[in-house]
Amino acid sequence: MGAFAELYEDLHGALGPQAWWPAESRFEVLVGAVLTQNAAWRNVEQAITRLRDAALFAPEAILAAPVARVAECIRPSGYYNIKTQRLRAACEAWLALGGEQGMAAMPTLALRNALLAVHGLGPESVDDVLLYGFERPVFVIDAYTRRIFSRIGVVDPRAGYDTLQQQFQADLPVDAQQFNEYHALIVQLGKSFCRPRQPRCGDCPLLSRCAHGRAEMNQRS
DNA sequence: CTCCAGAAAT
DNA sequence: ATTTCGGGAG
């Protein structure tokens with residue numbers, strides 16, 4: 001078993017099942033993926049609620065509405081002018097790709113490339129949609145993943161998205177369910193212990209496996 | 001590397 | 001008052 005698989009076992013044992021993004025619509029995953037870009041999820045929930053209250057929670061409705069009305073709804077998620085453009089582009093792509101049925105019928109790589117071509121959807125947002133919306137086995141790399149695993153010492157902090165993703169995927173079974181769970185565990189660890197500032201290394205479940213954590217402990221003793 | 005430009009935590 | 005947040009484009 002490789003390092004990434006072992007770290008998953010440690011995390012899962014310590015933090016337990018997380019169960020993320022389970023019972024939402026596929027379209028909501030797409031909307032969430034755009035709105036959560038450099039924004040806290042709490043704020044994204046407000047934006048989604050406001051879209052629902054305005055009866056705009058469908059690709060056709062968002063495209064038919066005045067741009068200013070959509071922008072007003074999603075304001076709580078920040079960067080609302082840019083995100084309105086990105087959300088519109090995502091809705092256009094949703095319809096152009098045949099909606100839920102059309103996208104569900106596409107092979108993973110073809111769907112990934114089609115989504116990457118959309119203005120406003122980068123690799124992380126696309127992989128959110130693939131994994132959480134369409135249950136495809138792609139590993140999502142985010143800021144938490146970079147921070148945690150570079151501190152542990154098993155990845156290069158300057159490595160690109162695709163390189164990091166391949167490191168994880170090469171070491172783990174091709175299983176959407178586990179990728180889902182692993183990413184959720186990473187986020188939880190990043191929020192609770194492996195924070196950007198003042199990480200709680202002393203209480204971290206991965207302390208014994210982490211280069212940064214061991215150095216931190218030695219310094220404080 | 002800079003811009004984008006809101007809310008909650010610190 | 002500053003930083004951070006399920007980032008991406010120019």
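A, B, ... follow the sequence lines: proteins, then strands. Residue 1 opens every chain.
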| field | dG10(C) and dA5(B), which share atom name P, separated by this distance in whole Å | value | 14 Å
| said: Does dC5(C) have OP1 or OP2 under 4.0 Å away from a side-chain N or O of R147(A)? | reply: yes
| request: Would you mind classifying the nucleic acid contact of R42(A) as base, sugar-phosphate or nothing, using non-hydrogen atoms under 4.0 angstrom? | output: sugar-phosphate
| Do the side chain of Q85(A) and the main chain of Y80(A) share a donor and acceptor less than 3.5 angstrom apart? | no
| query | What is the distance from CD of E45(A) to P of dA8(B), rounded to the nearest Å? | reply | 12 Å
| Which listed nucleotide (dA7(B), dG10(C), dG7(C)) is nearest to the side chain of N38(A)? | dG7(C)
| Are any of the side-chain nitrogens in R136(A) or D127(A) under 4.0 Å away from the carboxylate oxygens of its partner? | no
| message | Expressed as a whole number of angstroms, how long is the span from I74(A):CD1 to dA7(B):C1'? | response | 15 Å
| Ion pair check, D53(A) and R50(A), cut-off under 4.0 Å | no
| task | For Q46(A) and dG6(B), give me the distance from atom CD to atom C1', rounded to whole Å. | result | 9 Å
| Between dC4(B), dG8(C), dA8(B), which nucleotide has the shortest distance from any of its atoms to the side chain of Y79(A)? | dC4(B)
| task | Taking atom P in both dT3(C) and dC3(B), compute the distance separating them and give it to the nearest angstrom. | result | 16 Å
| Roughly how many Å is it from CD1 in I148(A) to P in dC5(C), rounded to a whole number? | 11 Å
| Mapping H119(A) and K83(A) onto DNA chain C by nearest heavy atom, which one lands closer to the 5' end? | K83(A)
| request: Answer yes or no: is there an ion pair linking R52(A) with E28(A), defined by an N-O contact shorter than 4.0 Å? | output: yes
| task | Hey, which sits more toward the 5' end of DNA chain C by its nearest nucleotide, N43(A) or S125(A)? | result | N43(A)
| task | Can you tell me the distance, in whole Å, between the CZ atom of R146(A) and the P atom of dC5(C)? | result | 13 Å
| remark: E124(A) CD to dC5(C) C1', in whole Å, measures 11 Å
| message | Taking the minimum atom-to-atom distance to the side chain of A39(A), which one of dG6(B), dA7(B), dG7(C) wins? | response | dG6(B)
| field | Interatomic distance where CD belongs to Q37(A) and C1' belongs to dG6(B) [whole Å] | value | 15 Å
| message | Judged by each residue's nearest nucleotide on DNA chain B, which is more toward the 5′ side, R50(A) or R86(A)? | response | R86(A)
| Cationic N near anionic O, under 4.0 Å, E135(A) to R26(A) | yes
| request: Anything under 30° is parallel, anything over 60° is perpendicular, the rest tilted; go ahead and classify Y132(A) against H183(A). | output: tilted
| request: Give, ordered by number, those residues of residues 184-198 of chain A having at least one heavy-atom distance below 4.0 Å to an atom of DNA chain C; if nothing qualifies, reply none. | output: K191(A), P196(A), R197(A)
| request: Side-chain contact test, heavy atoms from C-beta onward, threshold under 4.5 Å: evaluate it for S125(A) versus R86(A) and give yes or no. | output: no
| Lys/Arg-Asp/Glu bridge criterion (N-O < 4.0 Å) met for R69(A), E72(A) | no
| Considering only dC5(C), dG8(C), dA9(B), which nucleotide approaches the side chain of A40(A) most closely? | dC5(C)
| field | Whole-Å gap separating P (dG7(C)) and CG (N81(A)) | value | 20 Å
